[in-house]
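To keep things clear, I will list the structure first and then write my remarks on it.
Lettering follows sequence order; numbering is per chain, from 1. Both backbone and side-chain heavy atoms feed into the values below; hydrogens, waters and symmetry mates do not.
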There are 2 protein chains.
Amino acid sequence: MIPWVVLERLFLYYTYLESLPPEVEWVSSQMLGDALGISGDLVRKDMTYCTTKGKPRQGYPVGQLRDHLREMLKLDLPVNAVLVGAGRLGSALANYPGFRRHNMHILAAFDVDPAKVGTHVGDVPVLPITELESFVTRNDVCCGIITVPASSAQEVADMLVRSGVRSIWNFAPVSLRVPHHVVVRNENIIEGFILLRIQALEQ
Amino acid sequence: MIPWVVLERLFLYYTYLESLPPEVEWVSSQMLGDALGISGDLVRKDMTYCTTKGKPRQGYPVGQLRDHLREMLKLDLPVNAVLVGAGRLGSALANYPGFRRHNMHILAAFDVDPAKVGTHVGDVPVLPITELESFVTRNDVCCGIITVPASSAQEVADMLVRSGVRSIWNFAPVSLRVPHHVVVRNENIIEGFILLRIQALEQ
Ligand SMILES: NC(=O)c1ccc[n+]([C@@H]2O[C@H](COP(=O)([O-])OP(=O)(O)OC[C@H]3O[C@@H](n4cnc5c(N)ncnc54)[C@H](O)[C@@H]3O)[C@@H](O)[C@H]2O)c1
Ligand SMILES: NC(=O)c1ccc[n+]([C@@H]2O[C@H](COP(=O)([O-])OP(=O)(O)OC[C@H]3O[C@@H](n4cnc5c(N)ncnc54)[C@H](O)[C@@H]3O)[C@@H](O)[C@H]2O)c1
């Protein structure tokens, strides 16, 4: 198991390599470090998890390292997800073409509101919450996206865990209690704005 | 000027103090450190920016420290914002009641689509992009929120900078070029899902 913080940096190295113009064939640990705001030493330590080796004074081969990271991080593997809460934020996410570009497929959305059940958000069907568990088991779903109000978030998380998802992407401003084998990522969009205003007022 | 990374931690200490039950009257730098996953030493260093002092073996007074942080971070100051791009994501954000709870007021949205101009998203009016600059100057707007496609994001950023906003909250997946005096925060929502899937597949 590669530690979570290393995985996060490997993905950021990958994004940086992807953004380089085609004529750049070699990249040093210093360049990679500068892109992430970390030291060259830490980059070299991270690279011990990769089989692509650097050459003294030349650095790492951009194409080879980029393709190797893509394979290591399994970015080409298609991943299925379901979304619970087809409200304002849920429908913006379900409809977003950017997911498919990264091999992430939202198969269905679930809701309790009778006015939403039976409709579509883009090409994603909105199904009743009572069908969540059977849908997840039948369709090899890896991730559940939670966009319900904070008051229902834990109850929805429990349903997702019971149905067998391995990961939860949570937009509700509550911290969820889940078993160790389930990975949770909390997105706190509002926090971004609060930090921005603090910095803007400090200027 | 307090460094950005310290401001970010001060806000996270504040959020932690807010979440404590009322009967907890003292908190140690160790407890604050554990909440953020950092060392007690770093907490003590951060606290040198605050006037609330800790007491040996007792720690910091929760109520006093929380109120002092709230004042330092100017969380009670109302902040005006405008949103450019009243599409899927823009309308989910413009409509979200969570902003007002944190004294952040989205006064208007702007768009180029004639079908959207003249409508409302919740109680936020959608105005033509040609009126952006005069609206911002007339209404003391601190922040511009960018939710337009990547291809228009830089042009919209230039307009916001010309109109005098001090900060930009950018949701488009591009990095913006802005003058030093303007603060930019890039929200890359998709990155959260990619990191989650990497970790889930690694389990
Ligand atoms: N809208 C935003 O910009 C925004 C920003 C940050 C965070 N959030 C968070 O995202 C979540 C959703 O926000 P929103 O603005 O989309 O709210 P919303 O009220 O528009 O949508 C919530 C949806 O969840 C459904 N729902 C409620 N309980 C349910 C349950 N038990 N099972 C299934 N569906 C259920 C509702 O019927 C509704 O369709 C909230 O927790 C909010 O705090 C939203
Ligand atoms: N929808 C999501 O869940 C999501 C997630 C992550 C990132 N994003 C990013 O957020 C941005 C918006 O995404 P969306 O899904 O809401 O797209 P969208 O197409 O639904 O909305 C874009 C809006 O911007 C308007 N617009 C285009 N050019 C403009 C200009 N020059 N000035 C003013 N308005 C202009 C369009 O008329 C439209 O209303 C994109 O950059 C996207 O990559 C969206």
Okay, B:Phe171 and chain A: the region with an atom under 4.5 Å from a heavy atom over there is side chain

How long is the gap from CG on A:Leu7 to CD1 on B:Ile194, to the nearest 0.5 Å? 13.0 Å

Can you tell me if A:Arg197 uses its side chain to pair, donor with acceptor, with the backbone of B:Cys143 under 3.5 Å? no

From the list B:Gly192, B:Ala200, B:Cys142, the residue making the most non-hydrogen contacts under 4.5 Å with chain A is B:Gly192

Comparing A:Leu73, A:Val79, A:Ile145, A:Asn95 against chain B, the one with the most heavy-atom pairs below 4.5 Å turns out to be A:Asn95

If you count heavy-atom pairs under 4.5 Å between each of B:Lys74, B:His102, B:Gln199 and chain A, which one has the most? B:Gln199

Under 4.0 Å between a side-chain nitrogen and a carboxylate oxygen: does that hold for B:Asp67 and B:Arg70? no

Taking the inter-plane angle between the rings of B:Phe135 and B:Phe110 on a 0 to 90° scale, is it parallel (under 30°), tilted (30 to 60°) or perpendicular (over 60°)? perpendicular

Walk me through it: do B:His68 and B:Met72 pass the test side-chain contact (heavy atoms from CB on, under 4.5 Å)? CA-CA 6 Å; B:His68 175 63; B:Met72 255 180 90; 3.5 Å; yes

Which of the residues A:Phe99, A:Phe11, A:Phe193 is involved in the greatest number of heavy-atom pairs with chain B at under 4.5 angstrom? A:Phe193

Is chain A contacted by the side chain of B:Leu93, its backbone, both, or neither, given a heavy-atom distance below 4.5 Å? side chain

Counting heavy-atom pairs under 4.5 Å with chain B, the top scorer among A:His181, A:Arg166, A:Met104 is A:Met104

Where does B:Ile168 contact chain A at under 4.5 Å (heavy atoms): side chain, backbone, both or neither? backbone

Rounded to the nearest 0.5 Å, what separation is found between the CD1 atom of B:Ile38 and the CG atom of B:Asp46? 6.0 Å

Distance col, row A:Lys45:NZ vs A:Ser39:OG, nearest 0.5 angstrom, shows 8.5 Å

Report the option among A:Arg185, A:Glu187, A:Glu191 that has the most heavy-atom pairs separated by less than 4.5 Å from atoms of chain B. A:Arg185

